[in-house]
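Report on the structure given below.
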Amino acid sequence: MQDARFERVTLHRGDLRTRFPRRFRARLEGCRVEELARRAKYLLAHLSSGETLLMHLGMSGSFRVEYDGNGSGPASDAGRHDHVVFAMSSHATVFFNDPRRFGMMDVVPAGKLEAHPALSRLGPEPLSAGFDGAALAAACRGKKVSLKVALMDQRVVAGLGNIYVSEALHVARLSPHRKAATIATATGAPRDAAHRLAAAIKQVLEEAVERTTGEIYRASRFRVYDREGERCRQRGCAGSIRRQTQAGRSTFYCARCQR
DNA sequence: ATTGAGACCTGTCGGC
DNA sequence: TGCCGACAGGTCTCAA
């Protein structure tokens, strides 16, 4: 998609989680994609017009790219749940498929990106240098919610979802039920737990990126996620993985090694 | 302001 | 096989 132009944009329905912005097609067609980027769970395509195409996959969204050798049309017809089709000047056709329609797309004018409601309140990027135990402790200071719920809050740290919150808490050996505020001291200084947790978040995300970009794809082997009843994999721990609901979402953890 | 509950959608899976 | 409820990796809104 990068460096190619949008030649033809086709919408197969008018809404995902939100409605498409007005003049969606017109604002994309003819524009070149200058750069692809990401912020939290949002994908950004910076356009030659100065606007930015903002996209979110929701829970069930995906892109599929098909190539067409002679440029005479889309590689195939849009299938079920292919809500948006981008025909690119590179002869690639990009299909946005989203059965559940929890995804979203918007086009944001130049200079308005940081102020966009989806982005304006996001916390730090977990893989950035600015995110560390001190930053995490500061964000959790005074929070009465559990650590699990705090890490799901995109204002605390941006881009963690239900799976990697459970994974990170397991690596850090911290209970998901523990109050978020307990990883900071009364003065706000980080405790050891805050450093461990920040490092664990970076570790599980880096591993996840490696798994998905690398050639070696093993059937998803999470430490705790979706492993209810199975053995804990922490070295020397004889516990088994439990599942509990927190704020309406499943949390997986080992009650033995996570405190 | 913070927090928990419910809503938004459709698909899949396990149990009967 | 068919039906039904539970559940799914996210975010928003609303009420307490």
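No donor-acceptor pair closer than 3.5 Å links the side chain of Arg223(A) to the backbone N or O of Arg233(A). Under a 3.5 Å cut-off, the side chain of Gln154(A) and the backbone N or O of Met152(A) do form a donor-acceptor pair. Judged by distance alone, with hydrogens and angles left aside, the side-chain atoms of Asp106(A) form no donor-acceptor pair with the main-chain N or O of Pro21(A) at under 3.5 Å.
Using a 4.5 Å heavy-atom threshold, the side chains of Ile163(A) and Asp226(A) count as separate. The shortest distance between side-chain heavy atoms of Arg23(A) and Arg25(A) does not fall below 4.5 Å. Between Leu54(A) and Leu119(A) there is a side-chain heavy-atom pair separated by less than 4.5 Å.
The distance between atom CZ of Arg100(A) and atom C1' of dC9(B), rounded to the nearest whole Å, is 7 Å. Atom-to-atom, NZ of Lys179(A) to P of dT3(B) comes out at 10 Å; the value is rounded to the nearest Å. Distance Lys148(A) NZ to dG4(B) C1': 14 Å, rounded to the nearest Å. In this structure, Leu205(A) atom CG and dG9(C) atom P are separated by 16 Å, rounded to whole Å. Atom P of nucleotide dG10(C) and atom CE of Met55(A) are separated by 18 Å, given to the nearest angstrom. Straight-line distance from the CZ atom of Arg141(A) to the P atom of dT2(B): 14 Å, rounded to whole Å. Whole-Å rounding puts the Leu160(A) CG to dG10(C) P distance at 10 Å. We find that CG of Asp15(A) is positioned 18 Å from P of dT11(C), with the value rounded to whole Å.
When all heavy atoms of Ala184(A) and Ala137(A) are compared, the closest pair comes out as CB-O, 3.7 Å.
Contacts of Gly161(A) with the nucleic acid, taken as non-hydrogen atoms under 4.0 Å apart, involve only primed sugar atoms and P, OP1 or OP2.
Contact annotation: Arg243(A) reaches the phosphate of dA8(C) (side-chain N/O to OP1 or OP2, under 4.0 Å). At least one side-chain nitrogen or oxygen of Arg101(A) sits closer than 4.0 Å to the OP1 or OP2 atom of dT10(B). Of the side-chain N and O atoms in Arg80(A), one or more sit less than 4.0 angstrom from OP1 or OP2 of dG11(B). At least one side-chain nitrogen or oxygen of Ser250(A) sits closer than 4.0 Å to the OP1 or OP2 atom of dA8(C). For His81(A), no side-chain nitrogen or oxygen approaches OP1 or OP2 of dC9(B) to under 4.0 Å. A close approach under 4.0 Å does not occur between any side-chain nitrogen or oxygen of Lys144(A) and OP1 or OP2 of dT3(B). At the phosphate of dG9(C), OP1 or OP2 sits under 4.0 Å from a side-chain N or O atom of Tyr225(A). Side-chain nitrogen and oxygen atoms of Arg249(A) include at least one within less than 4.0 Å of the OP1 or OP2 phosphate oxygen of dG10(C).
For the pair Arg17(A) and Ile163(A), nearest-nucleotide mapping onto DNA chain C gives the more 5' position to Ile163(A). Along DNA chain B, the nucleotide closest to Asp153(A) and the one closest to Arg13(A) are compared, and the more 5′ of them pairs with Asp153(A).
Going from the P atom of dC7(C) to that of dA5(B) covers 15 Å, rounded to whole Å. Straight-line distance between the P atoms of dC14(C) and dC9(B): roughly 15 Å, to the nearest whole Å. Taking atom P in both dG6(B) and dA6(C), one finds a spacing of 14 Å when rounded to whole Å.
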Candidate pair Thr52(A) and His46(A), rule side chain to side chain donor-acceptor pair (under 3.5 Å), full reasoning: CA-CA 5 Å; Thr52(A) 298; His46(A) 296 298; 3.0 Å; yes
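In the set dT11(C), dC9(B), dG9(C), the nucleotide with an atom closest to the side chain of His56(A) is dT11(C).
Base pairing in DNA chain C yields stems of at least 3 consecutive Watson-Crick or G-U pairs, both distances under 3.5 Å, namely B:2-8 with C:10-16, B:10-16 with C:2-8.
Partner Phe95(A) forms a side-chain contact (heavy atoms from CB on, under 4.5 Å) with one of His12(A), Glu66(A), His83(A) and no other, that one being Glu66(A).
Applying the 5.5 angstrom centroid cut-off and the 30 degree plane-angle cut-off, the aromatic ring of Phe102(A) is stacked upon the base of dC8(B).
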